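For reference, the structure is listed below as structure tokens.
As the structure is a prediction and not an experimental result, all values here were calculated from the model.
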Amino acid sequence: MKDPISTRDIGPRVGTPLWLYMAAATAAGAALLAVSSVELGLDQLTNLAREPLVWVLLCMVILGELRPIAMPGQAPGSGAPTSLPFTFALVIFYGLPVAALIQCVATVVAGVARGHAPHRTAFNGAQYVLSLGVADAVLRLTLPGIVTSPWVPAGGELVGVALAGAASFLVNRVLVLCAVAMHERVPLRQVMFKGLVQQVYVNAVLLSLSPLIVIAMTHSVLYVPLFAFPLGALYSSALLLVKRDHQANHDELTGLANRKLLTVRARREVDQAHQRGNRVGLLLLDLDRFKEVNDTLGHPTGDRLLQTLARRLIHSVRPSDLVARLGGDEFAILLPQVRDAAAAREVALRLKGALAEPVRLDGMDFDLQVSTGIALYPDDAPDFELLMQRADVAMYVAKADRTGVESYDPGKDRNSTARLSMYSELRRGLAEGALEMYYQPKVDLADERPVGLEALARWRHPVRGLLTPDEFMPVVEHSNLFRAFTGQVLDITLARAALWRKQGQTLPVAINLGVRELLDPDLPETVAAALREHGVPPNQLVLEISERTLIEDPDAATAAVGRLRALGVGLTLDDFGTGHFTLAQLAGLPLDEVKIHESFTARLVDGTANGHTVVRGAIALVRALGMRAVAEGVQSRELAEAALDTGCQSAQGHYFARPMIARDVMTWVAAHDTGTPV
């Protein structure tokens, strides 16, 4: 099957170095094939065509061309072909003319079957002929006694056979990688040694079968097909490994690289650029109004649209550039080598033009615009993490100003210097234990008895004092600190919960999760390990997920919530009413309670009948779904009474208690555990 995002079947422009190289290699291979075929003669060709062995070998070579042994990191359909041992056996047994002719026929058949472009098929055939010609020459030089055909090597002649195989592998690799380097516009040394050890090992295994195939050929033609079984097992195991690697590093929907592969590749390119003194570019793209497509026509149509756009992106950049899908409708383009900001902007404008062309699906034309942010290493950032942040800032500037394309401008990022400083200080603070947890009680509205606690993070800054989450959480969310931050919050909170538990206090304690924390695949294991370490039962921990988090990527978030539910912890939807999350979406989530945001509950006492009716209806539906309703931001007795009257079972807010340090919690709980009805 043809790879939908491959660019190798796009012919090189006439006159380019790649076109000249491929034309020269193809001509050399064709000349060698013509010269060697003269040796056969018509009578010998007729005799060979009557031999069943030749036809069996042709079938095996064709099947081998269709089943290459790929390795992790290689393009689909590439790798060492399992036809190699049969082709090399033909060189040993019959010589170059027969081997080259059969290999060329098999290459053409496989190329047609896999939909390869004619220029690619011709080059592949030529490269095989040239490498087999080198193998034949080495055999004749090292073993001058070879004068007859067919020929079976003796034990002492295997050294010459091994040298011929090594020479064939080396020539074939150089021929192919020179074309790859020109196609991807990278130095030859950058691709020459990539995966070399694996390639040598696989090719050595395949070539070592050739003498055995030759021996089988001399005994019976029926022995030759038996080699398909070990080769099939080798192909299947390699394919399974490649599939697992591909799934781990690529987006399932579009086949593009995912965030993990982008990070690994970008860090490597940044390191190489630092050594060479080059620039690396990063483009972040966000589709405008894509949510309207999903909401109006459904996710299947939206998915097909994303697949179409992914193909356009791949075919609008250089082969060496990496296109990745970060999630939802956000994409990234890594430019390993870029001249300057103007060159990166040209790429962005070309992508914008390619994506702006209408997409026709289900009889409808879709006109989508894209907002692109550009950042360069080392001009805008010293490492990949900051490069991503700066490109993200530029992208949001392009979206806000509706300019379409923006390069990073420190003047438009008011907090860039402060944010960079805060990133370093926060990383140091996490390492030094500067994080503190404050706890705000949640009370039952009927009698004001405490029914839970919410853990709220504070950062003890060495200069600015105690900072609230609003001041440092944006840095956590947009950096690689989120795992360390979540780990420390869990550790501090559960250690305190374990201590309270020993003192007889078993109120559940809640912590907040952001977008990246929730979608982190390691989060369930992190939570489970922290619970085991501190000996806290799962039902004493509550994880609060904001409405904004679920809106970012609903499908992934729903799956993540399901994995957390399996741990047995409590789950709460936080800040309900601040976005566009619907009660229909709420019905599909295994939540225990819903926190009504203070901007929503404030309508209960604002004097408008409509606002009161909307809040009352929302709370009634929440309760109908079997979830508890919690009022947030209760600042007055009047609001507490209104929330109770509307149907909220519990509430939080400064009217009941402000966030307090850990040592004051037990005293407050003991004083209020008797209850004082509203």
Side-chain angles (χ1 to χ4, degrees), residues 26 28-67 81-113 121-122 124-155 157-158 160-161 164-165 167-168 172 206-207 209-228 231:
T26 303
L32 181 58
L33 177 63
V35 171
S36 62
S37 299
V38 172
E39 297 181 16
L40 288 176
L42 184 59
D43 292 339
Q44 192 172 354
L45 279 173
T46 304
N47 293 333
L48 287 171
R50 293 172 181 168
E51 289 189 23
L53 177 61
V54 173
W55 291 101
V56 169
L57 287 168
L58 175 60
C59 292
M60 300 304 293
V61 174
I62 291 174
L63 290 174
E65 285 295 308
L66 295 171
R67 293 293 182 267
T82 49
S83 63
L84 182 58
F86 299 100
T87 307
F88 193 55
L90 282 166
V91 174
I92 297 172
F93 194 68
Y94 285 118
L96 175 62
V98 177
L101 192 59
I102 289 179
Q103 180 62 63
C104 285
V105 173
T107 302
V108 171
V109 173
V112 172
T121 301
N124 287 344
Q127 105 200 4
Y128 280 130
V129 172
L130 293 173
S131 59
L132 293 176
V134 170
D136 185 72
V138 171
L139 283 174
R140 293 176 184 274
L141 289 173
T142 56
L143 303 169
I146 302 176
V147 292
T148 59
S149 175
W151 173 71
V152 179
E157 296 169 326
L158 290 179
V161 172
S168 175
N172 186 71
L206 293 175
L207 289 171
L209 295 175
S210 298
L212 300 178
I213 294 175
V214 171
I215 294 173
M217 290 160 60
T218 61
H219 286 78
S220 173
V221 67
L222 298 178
Y223 288 160
V224 175
L226 297 179
F227 286 91
L231 290 172

Heavy-atom closest pair, residues Ala122 and Thr26: CB-CG2, 4.0 Å

Of all the heavy-atom pairs spanning Leu90 and Ala99, show the shortest one and how long it is. CB-CB, 3.7 Å

For residues 83-92, the side-chain hydrogen bond (donor to acceptor under 3.5 Å, both in side chains) pairs (sequence neighbours left out) are Glu65-Ser83, Thr87-Gln103

Looking at every heavy atom in both Ile215 and Thr218, which two are closest together, and how far apart are they? O-OG1, 2.5 Å

Heavy atoms of Ala164 and Leu139 approach each other most closely as CB-CG, 3.6 Å

Would you compute the distance between atom CG of Leu132 and atom CG of Leu101 and round it to the nearest 0.5 angstrom? 11.5 Å

Restricting to non-hydrogen atoms, name the atom on Ala100 and the atom on Val129 that form the minimum distance, rounded to 0.1 Å. CB-CG2, 4.2 Å

Among Val61, Leu231, Leu207, whose side-chain contact (heavy atoms from CB on, under 4.5 Å) with Pro85 holds? Leu231

Tell me which one of Leu53, Val98, Ile213 satisfies side-chain contact (heavy atoms from CB on, under 4.5 Å) with Phe93. Leu53

What pairs of residues pass the side-chain hydrogen bond (donor to acceptor under 3.5 Å, both in side chains) test when at least one of them lies in residues 48-61, not counting sequence neighbours? Glu51-Tyr94

Where Leu33 and Ser36 come nearest, the two heavy atoms and their spacing: O-OG, 3.0 Å

Output the distance between atom CG (Leu96) and atom CZ (Arg140), rounded to the nearest 0.5 Å. 8.0 Å

Test side-chain contact (heavy atoms from CB on, under 4.5 Å) applied to Phe86 and Leu57, Ile102, Ile62, the passing residue: Leu57

Pairwise side-chain contact, Ser210 with Val161, heavy-atom cut-off 4.5 Å (strictly under): no

Taking Arg67's backbone N and O only, do any of them form a donor-acceptor pair with Thr82's side chain (distance below 3.5 Å, no angle check)? yes

